[in-house]
Structures are given as structure tokens and as C-alpha cells.
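Predicted model, so just to flag it, every value in this text is computed and none were measured. Worth knowing before you read on, the calculation uses all heavy atoms, side chains too, and leaves out hydrogens, waters and symmetry mates.
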Amino acid sequence: MLRPLKTLYEYFALFTSLTLLGAICLTWSVFAMPLYFLLPRRMGTAVGRRGIMIGFRLYAWSLSATGTYRLDLTAIDSLRGGPPVILAPNHPCLIDALLILTRHPNVVCVMKAELMKNVFLGSGARLARYVRNEPTRQMIKESVTHLSEGAVLLLFPEGTRTTLAPINPLVASVALIAKHANVPVQTLIVETDSPYLSKGWPLFKRPSLPITYRVRLGKRFAPPQDVAAFTAELEAYYRRELTGALQSRWLRGEPHA
């Protein structure tokens, strides 16, 4: 009898979490849309980023409270109050940005341009002055401006979710922005034991629960001078870290994505 009950619980947790996330995003969009026009830019940006942090933190709390996820995100807290930096995580699943945004009140996220038109995310992203990933020249210019204003920039160096384990070939955007803004790159190592919401995973496909999800601080790289060399060094670093993490998990007999 335990297996059918577990399956029922997993379906319940899946649809409940998605419904809650949709409700949080839609509710914030209702407020964010008028605030974008009513508030001064600096105030609106601060309200927008903090509002996203609080909303997603509520969602993350619900994931932990229901036993859907076992989350360990506290390593990111040490970055609060620090200097401008580019956060460069690996990107195993769709929920990565959402969870990272729960831990810092002044993060500007580089996101897909089409999401700015999304009814659930667009208004909040515009209020927070998030950056479209296209066109590339404009993305770099806006990112450098936000960093010069003291923000922390969240940018996935793979450009999309991981499809070639342990990491996709990296794009040069992180290196270009770090060079022009003269800011360091803080790597984040995202580890999960489930393929849930990885590239190609259907949104309503039931995962096996609970899911273990951890973000830890990796190496901090100084601002680069050579973009191509830095991108190659960053990719090699991720491959070493993620391959080592997979091997450790295998030796402990734990499942992995």
C-alpha cells in the first residue's frame, strides 16, 4: 500500500507546487505592472527585486515544508552586503534561477527575451530591471551598468539548461561582462539528485520525491583580460568540480541526476 500512497503524494506535491508558484507570480504581476510606471526607477528596482525574493522564498519554503525538496541554499547568504559580482551557476534544471533569487535582495537576472512577455514573469522582471539576453550587445551594456550601480548579476554561463553532463560548452557572455565591468566571477555549484525539470523534462511529469538540491560557493575568479582563455578555464573548472561531485555521490551509493 505504501507505493500507491507515495505516487499519490508525488502527484499532489507536483500540482500543488505548480499552482502555488503560478499564484505567486500572477499576484505579484498585478502589483508590479502599475508600480513600474508609478515608482521612481531606483525605488521601483529595489521594490521589484525584493518582491521577487520574498515571493520565491515563500515558494521555496513551501517546497521544504511539504517535503518535496530538501534544500540547502544558505551558502549564498554570505554574498549579502558584498561587492558587485557575477554569479555564474551551472544550470541542471528550470528551477535554478528561482531558488538562487530567494537568497539575495539585489540580484539582477539575465533572462530569455521572450520571458519578458510572459504573463506570470514579465511584469515583475521589468520592475526589477532584469536584463534581456538579446541582443547581445545591449545585454552586455545593461549588465555592466547594473554592476556599476552595485547590483549582483545572475547569469548562467551555459546559456541554457545542461544537456551534456556534466556541463554544456560555455558561452563567452560571463567573461565579456566581467571584463568590461571589471568585476569578479563567483561560481556557484548546483547539485541535485533528480533530473526533475531538466532539459526535455515535461512540466507535468511526476518526479520521485523528495528531491535533494544544494547550491555551494565555488571558486571566485578575478576579472579576466582574455575572454576566450577565461571561458575555457571556467569550463574546465566546472567539469572538475561537477565530475568530482558525481564520483563522490556514486561512492556513497547515492542516486544522481
Side-chain angles (χ1 to χ4, degrees), residues 14-63 68-69 71 73 76 79-80 84 86-89 91 93-156 159-161 173 177 188 197 199 201-204 215:
L14 170 64
F15 288 103
T16 299
S17 66
L18 290 175
T19 301
L20 178 60
L21 179 60
I24 290 171
C25 292
L26 198 57
T27 300
W28 181 237
S29 292
V30 170
F31 289 97
M33 186 179 296
L35 290 177
Y36 179 81
F37 298 101
L38 293 174
L39 294 179
R41 183 184 185 278
R42 182 182 292 271
M43 182 183 296
T45 299
V47 169
R49 291 174 188 172
R50 189 168 289 273
I52 288 174
M53 183 190 75
I54 292 171
F56 286 166
R57 182 170 286 192
L58 173 62
Y59 175 65
W61 173 85
S62 75
L63 294 178
T68 306
Y69 271 77
L71 294 173
L73 307 169
I76 308 172
L79 301 175
R80 285 194 180 201
I86 298 175
L87 298 183
H91 197 6
C93 56
L94 190 63
I95 204 172
D96 297 329
L98 185 158
L99 293 175
I100 292 168
L101 288 168
T102 65
R103 310 308 302 186
H104 199 295
N106 191 26
V107 177
V108 56
C109 184
V110 177
M111 59 191 295
K112 290 184 177 180
E114 59 264 28
L115 291 178
M116 289 291 189
K117 302 175 183 178
N118 185 282
V119 66
F120 292 97
L121 301 173
S123 295
R126 285 192 294 273
L127 180 62
R129 269 70 184 187
Y130 284 180
V131 178
R132 292 176 172 85
N133 68 340
E134 297 174 348
T136 302
R137 186 183 297 270
Q138 184 66 22
M139 181 265 288
I140 294 172
K141 180 180 177 181
E142 290 183 17
S143 297
V144 170
T145 298
H146 286 300
L147 288 163
S148 69
E149 294 171 345
V152 168
L153 185 78
L154 174 60
L155 176 58
F156 293 97
T160 186
R161 278 170 285 170
S173 302
I177 295 169
L188 299 179
L197 296 180
K199 195 75 169 180
W201 184 284
L203 185 61
F204 296 105
V215 178

Q. OG1/T136 to CE/M139 distance, rounded to the nearest 0.5 angstrom?
A. 5.0 Å
Q. What are the two closest non-hydrogen atoms of F204 and L14, and how far apart are they?
A. O-CD2, 3.5 Å
Q. What distance separates L153 CG from L87 CG, expressed to the nearest 0.5 Å?
A. 8.0 Å
(Q) Here's a test for you: under side chain to side chain contact (heavy atoms under 4.5 Å, CB included), which of V47, T45, L127 qualifies with Y36? (A) L127
**Q.** Residue pair P105 / R50: nearest heavy atoms and the distance that separates them
**A.** CB-NH2, 3.4 Å
**Q.** Beyond-backbone contact of E134 with K112, side-chain heavy atoms, under 4.5 angstrom
**A.** no
Q) How many angstroms lie between atom CG of N118 and atom CE of M111, to the nearest 0.5 angstrom? A) 7.5 Å
Q. Do I95 and Y69 touch side chain to side chain, with heavy atoms closer than 4.5 Å?
A. yes
Q) Given side chains that start at C-beta, do those of V215 and P89 come closer than 4.5 Å, heavy atoms only? A) no
Q: With rounding to the nearest 0.5 Å, note down the distance linking NE2 in H91 to NZ in K199.
A: 8.0 Å
Q) Would you say V152 and L147 make side-chain contact, with heavy atoms under 4.5 Å? A) no
Q: List the atom of V107, the atom of L154, and the distance in Å for their closest heavy-atom pair.
A: CG1-CB, 3.7 Å
(Q) Using side-chain heavy atoms (C-beta onward) and a distance below 4.5 Å, is Y130 in contact with L121? (A) no
Q) If only atom types and distance count, is the side chain of H146 paired as donor or acceptor with the main-chain N or O of S148 below 3.5 Å? A) no
Q) Are S17 and L63 close enough that some pair of their side-chain heavy atoms sits under 4.5 Å apart? A) yes
Q.
Just verifying a value: how many Å separate F56 CZ and T102 OG1, rounded to the nearest 0.5 Å?
A. 9.5 Å
(Q) Using every non-hydrogen atom in the two residues, find where A151 and N106 come nearest and quote the distance to one decimal. (A) CA-ND2, 3.4 Å
Q. Side chains of I24 and L58: closer than 4.5 Å at any heavy-atom pair?
A. yes
**Q.** Point-to-point distance, once rounded to the nearest 0.5 Å, from CG of L101 to CZ of R49
**A.** 10.5 Å
